[in-house]
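First up is the structure itself, then whatever we jot down about it.
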Amino acid sequence: MPERFARFYVGAWLLACVVALVLAAQRQREFRLLTRAYARSLLVPWKLATFATACVGMVLVAPISGDPTWDAVDGGGMSLLCYLTAPWALGVLTRAIARLEKPRPVELYGAVCAWMFTASWFYDGWIWYRDGHYPSSWAANILASSFLYALGGTLWSLEDGERWPTLGFLHPDWPRPSAASRRVAWAALGIIVAVLLMLSPFLAMAWQTLFGR
């Protein structure tokens, strides 16, 4: 990305994020991200355990993954932001698209900004600060990281249903805490396998770095 365009792009997304933060501060009641119910929905043992495992794995693998733009800062930071915001952002967008509720424009805007900041802008800004130039992988990273973000939001939204696992944000009383079950565990395992498959080239490089000759 040319330097002039990079500066314009960074200025635009910084402004978008500042506006989102101001709106969240002024209109907290419209942001379910900031409610106690949402916090309780994340403070469930199995969700905390899977997040901790994923975050530690990202931080440890990043420096030996073969990707020069992936390090402990963006690996750990994006993991934390994903855990904190992905279930909410995915829920808000899904409920609006599926017309499960009357759209909340302010919260929708915040959800889009949270998604983009986690999946792209945090990574872009850190690499630009660290290396002195905007990462050439910025566009490709949006798609790949957005897919991982959606998988994270799905994983940490799982809860038990009457016959099959379901997603908490599909219910009228979302957000709410949920207990684990065997059915939820199997669904979570499927999502974790999908994430590992996406990251398999980097995991293979890390394995070769550690144990290869």
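Side chains are part of it too, since the values below use all heavy atoms of this structure and drop only hydrogens, waters and symmetry mates.
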If you round to the nearest 0.5 Å, how far is [atom2] of [Y] from [atom1] of [X]?
| X | Y | atom1 | atom2 | value |
| --- | --- | --- | --- | --- |
| L155 | L167 | CG | CG | 10.5 Å |
| E30 | E107 | CD | CD | 8.0 Å |
| L81 | T118 | CG | OG1 | 4.5 Å |
| I191 | L148 | CD1 | CG | 12.0 Å |

For this session: Kindly state each residue pair satisfying side-chain hydrogen bond (donor to acceptor under 3.5 Å, both in side chains) with at least one member in residues 140-154, sequence neighbours excluded.
Result: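 The answer is T85-Y149, W115-S146, N141-S145.
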Exercise. Quick one: side-chain hydrogen bond (donor to acceptor under 3.5 Å, both in side chains) pairs with a partner in residues 47-65, sequence neighbours left out?
Worked result: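 Found T50-W156.
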Problem set entry | Salt-bridge present (R130, D71; N to O < 4.0 Å) |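 Looking at R130 and D71, the cut-off is met.
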Check whether [X] and [Y] end up in the same hydrophobic cluster, where Ile, Leu, Val, Met, Phe, Trp and Tyr are linked by side-chain heavy atoms less than 4.5 Å apart.
| X | Y | value |
| --- | --- | --- |
| V19 | W88 | yes |
| L151 | W70 | yes |
| L15 | L23 | yes |
| W138 | Y129 | yes |
| L21 | L33 | no |

Exercise. Is it true that atom CG of L43 has more than 12 heavy atoms of other residues, nucleotides or ligands lying nearer than 6.0 Å?
Worked result: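 Check passes, neighbour count above 12.
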